[in-house]
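The structure under discussion appears below in the form of structure tokens.
Just so you know, residue 1 is the first one in the sequence shown, and it goes up from there. Because only heavy atoms are used, hydrogens play no part in the values below, and waters and symmetry mates are left out as well, while side chains stay in.
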Amino acid sequence: MLAQLNHSRLVEQEMAANERAAIAQRELLEAIPIPLVVTAIPQHEVLHSNVPAQHWLEGRSIDPWLSGLSAPARARFFQQLADQGAANEFEVLWQGAESRNWALLSARRLLYQAQDAVLTTFTPINSLKAMEERLALWAKVFEASSESIMITDGERRIITVNRAFSRSTGYSFEEIAGQTPELLRSDRQPDAHFEEIWRVAVTRGSWQGELWLRRNTGESFPLWAVINAVRSDSDQITHFIVVAHDISERKANEQRISHLAQHDVLTDLPNRSLCVERLRLALQLAERQARRVGVLFIDLDRFKNINDSLGHHIGDSLLRSVSRSLLSAVRVGDTVSRFGGDEFVIILNGVADADEILQIVNQRLIPLIRQPHEIEGVELHISCSVGIAVYPEHGVDIETLMRNADAAMYQAKFSGRNNAQFFSIEMESRARERLDIENDLRHAVERGELRLFYQPRVACRSNRLLGAEALVRWQHPRLGLVPPGRFITVAEESGLIVPVGAWIIDEACRQQAEWRDRGLGDIPVSVNLSAVQLGDPSLLEQLATTLQARRTKPQMIELELTESLLMENVDSNIALFHALKELGIVLSIDDFGTGYSSLSYLNRFPIDKLKIDQSFVRDMLDDTNDLAITRAIIGLGHTLGLKVVAEGVEHIEEKQMLAAAGCDELQGYLFSRPLPEDEFARWIKANAALAGD
């Protein structure tokens, strides 16, 4: 019995010990701040959970894994427990009723209060996962960025680079890791510049600017770089982050834009602004070296004829061909530029004297320009007029040299074209006079300074008045009566011939109407028309308005145009002439025989008269060729149904010979010089009495 009591006591002691152990076990679990859950095997009842675990269980007491884990995750978790008896830091996304949280589950199989169970700890890792996702995102951004990114340590040894860097430089990460950025130095910038960049990045914490680097192929390329220094809490530089963008395309575009801004689009020659800049540099160098600089103004002779008759595309091709000829004519270091239209300027640097310039111009430049230019299978011939100014003899500044070379070029034009002229003091005087004439001519119409003189045209046999040619004179307040030879060319070149020509037509119409109203009869008046006026789009409207306003019959007004002018732009001129004929105006060709008109073209023009150039009339008594030409023109005119006028008749023998040849009208000093309107009115009356009208 004593033994039985002793056994019962031992059992009670063991039970008490187990109870104390269970209590201690529970208290231990409760005391641990990490979420702990004990679940039974195999039904997964929750045997125990401490307070931190309540957030995860959300009141679930049976199989929290069923709703907390996805099926694949649950299967892997318990498979690992079965295989290894434990699960270490098993990452899961725990499914709560209202939220989902990332956790690391660590589990062990054990006996819990004599029951097979699993002890599981929950370690929340939401912040770690968020950081991990951000790091993954930054890694993707790092690799996907179109900007080149390079990270170095504090000693500038390369730690990592992204794919854009490898694409841009040609270096892979394996090739460049551990190297320093000095590997990428380009010869386009000095080493001192590279060191200065890093010095600024260290002292200021950052640097940005344009930089040239070298690819692994040896090719240099530009980029825009930003370097930032990364510092530790103790203010020590731990890393450098370099972000760069390849600007090769932008630099190429800038160069193209700069080139276009300084070069002629058609010929790719330097334009006016670049030419002036190069001339400035040439003058500075010539001053230091006591050398000369030649400035050549070049204008193509009669280029407008080619441009208008063959088309602008042919003209453009010819300009390109001329440009190539000019480039081959000059020396290395000289400048050939195009100022616009058919004007070119050449700068001859460091020439010894005028003889060297003449040798270049006469032996190379002019002959090369005169060589045939093959344009679209057709050979075109052209010449040029060259004006030359030399530093320092003809000027020491850009403006003076340019102005004097331009004046010399005009002198070359006046000297018959296809030649070169050096500037002279006389040219400067003429250029200044020309400028003064142009400035004064701008106000001549409004000041009432222009006058019309009239020279009669008479019937060849009877001397009866058939009409008058209106010839403009300028009554200058300082220069007196200025003949047309001194100002008409200036008016045409400056464009002032348009308002001057409009005044001439209006005054001729007014005078014609006045003669009629005074009882002197309907006297046709002829007016010369220039190329500039012919190209004026308002010409037709102006003529119609003037005829109506002055009450002038259209057939009383005759327009005279030179033969060469007609042939400059045949098709458009024919259309314009037909429009003029529709107004009722009489049309005549002046100076006939001096141009190169085609008879087939001539037959297409709706003209009424031919005027034989006075050079043939003046010499026909002594030159049988001129006499033959005069007779041929009269015969041609009559064959085409045209009246023929001979101008420049000064002798009775000329009149008799022209009458014998069948000429219709005569004009010249034999009958009268050009007269002002009051004297011409008296001449009309006197001639009427002599002619028996």
Side-chain angles (χ1 to χ4, degrees), residues 297 299 301-302 304 385 387 403-417 419 421-455 468-508 511 525-536 559-562 564-565 590-591 594 611 613-615 618 647-648 650 667-669 672-677 679-680:
F297 260 57
D299 187 85
D301 299 330
R302 298 186 176 89
K304 188 176 186 299
S385 301
R403 184 177 65 249
N404 292 343
D406 191 28
M409 184 270 291
Y410 276 103
Q411 183 59 40
K413 289 280 189 187
F414 296 145
S415 300
R417 299 182 173 89
N419 71 98
Q421 296 286 329
F422 278 94
F423 173 76
S424 65
I425 298 300
E426 292 76 12
M427 291 180 191
E428 184 176 21
S429 299
R430 284 194 293 270
R432 188 178 297 111
E433 178 186 347
R434 180 186 179 280
L435 183 60
D436 291 341
I437 288 176
E438 180 181 335
N439 290 334
D440 291 343
L441 189 58
R442 293 185 182 278
H443 307 286
V445 173
E446 63 187 65
R447 292 172 180 169
E449 296 172 358
L450 298 182
R451 305 284 187 271
L452 281 188
F453 280 39
Y454 300 91
Q455 188 174 32
E469 180 176 0
L471 300 167
V472 66
R473 300 292 186 265
W474 183 10
Q475 189 64 50
H476 194 281
R478 178 171 50 84
L479 302 176
L481 192 63
V482 181
R486 289 186 64 184
F487 69 89
I488 288 298
T489 302
V490 175
E492 290 179 338
E493 292 173 353
S494 63
L496 292 173
I497 194 64
V498 173
V500 169
W503 178 87
I504 292 173
I505 292 172
D506 180 74
E507 177 63 14
Q511 186 63 65
V525 180
S526 61
V527 175
N528 290 286
L529 208 62
S530 74
V532 179
Q533 289 174 277
L534 199 62
D536 182 11
L559 297 181
E560 297 185 9
L561 298 101
T562 61
S564 58
L565 176 60
D590 196 11
D591 301 335
T594 59
K611 293 189 74 172
D613 186 69
Q614 59 182 327
S615 62
R618 183 173 56 246
E647 56 184 349
E650 298 182 1
Q667 178 181 344
Y669 276 28
S672 174
R673 61 181 175 82
L675 301 171
E677 58 180 279
E679 292 184 31
F680 187 74

Side-chain donor-acceptor pairs of residues 439-446 under 3.5 Å, sequence neighbours excluded:
unit_1 : atom_1 : unit_2 : atom_2 : d
N439   : ND2    : L435   : O      : 3.3
D440   : OD2    : H476   : NE2    : 2.9
R442   : NH2    : E438   : OE2    : 2.7

Kindly write out the residues that satisfy salt bridge (charged side-chain N to carboxylate O under 4.0 Å, His left out) with E492, not counting sequence neighbours, or none if the list is empty.
none
Starting at CD1 of I497, measure out to CG of D536 and round the result to the nearest 0.5 Å.
11.5 Å
Calculate, to the nearest 0.5 Å, the distance between atoms CZ and CG belonging to F453 and L481 respectively.
5.0 Å
Partners meeting side-chain contact (heavy atoms from CB on, under 4.5 Å) with D301 (sequence neighbours left out):
S383, S385, K413, R417, N418
For Q511, all residues meeting side chain to side chain donor-acceptor pair (under 3.5 Å), sequence neighbours excluded:
none
Contacts of type ring-ring contact (aromatic ring centres under 6.0 Å, His included), residue F487, not counting sequence neighbours:
W474
Under the side-chain contact (heavy atoms from CB on, under 4.5 Å) criterion, do L452 and V472 qualify, and how do the steps go?
CA-CA 5 Å; L452 281 188; V472 66; 4.0 Å; yes
Side-chain heavy atoms of Q411 within contact of S424, under 4.5 Å:
no
Holding to salt bridge (charged side-chain N to carboxylate O under 4.0 Å, His left out), I want the full list of residues that pass it with D506, two or more places apart in sequence or in another chain.
R550
Side chain to side chain donor-acceptor pair (under 3.5 Å) with E677: which residues, sequence neighbours excluded?
none
The reported gap from CG in N404 to CZ in F422 (rounded to nearest 0.5 angstrom) is 13.0 Å
In chain order, what residues pass the side chain to side chain donor-acceptor pair (under 3.5 Å) check against R451, with sequence neighbours excluded?
none
Any idea which heavy atoms bring A508 and Y454 closest together, and the distance?
CA-OH, 4.4 Å
Using the side-chain contact (heavy atoms from CB on, under 4.5 Å) criterion, which residues pair with P499? Sequence neighbours excluded.
none
Hey, mind stepping through R486 and L479 against side-chain contact (heavy atoms from CB on, under 4.5 Å) and telling me if it holds?
CA-CA 11 Å; R486 289 186 64 184; L479 302 176; 4.0 Å; yes
Assess the residue pair V532 and L496 against the criterion (side-chain contact (heavy atoms from CB on, under 4.5 Å)); give the C-alpha distance rounded to whole Å, side-chain angles, the decisive distance to 0.1 Å, and a yes or no.
CA-CA 9 Å; V532 179; L496 292 173; over 6 Å; no
How would you list, by chain and number, every residue that makes a side-chain contact (heavy atoms from CB on, under 4.5 Å) with N419, sequence neighbours excluded?
A412, S415, Q421
Distance, nearest 0.5 Å, that separates CG of L561 from CG of L529:
5.0 Å
In a check of side chain to side chain donor-acceptor pair (under 3.5 Å) between S526 and each of E469, K611, E560, which one passes?
E560
Rounded to the nearest 0.5 angstrom, the CD1-CG distance for I504 and N528 is 8.5 Å
Test of understanding: with side-chain contact (heavy atoms from CB on, under 4.5 Å), list the residues that count as partners of R673, not counting sequence neighbours.
Y669, L675, E679
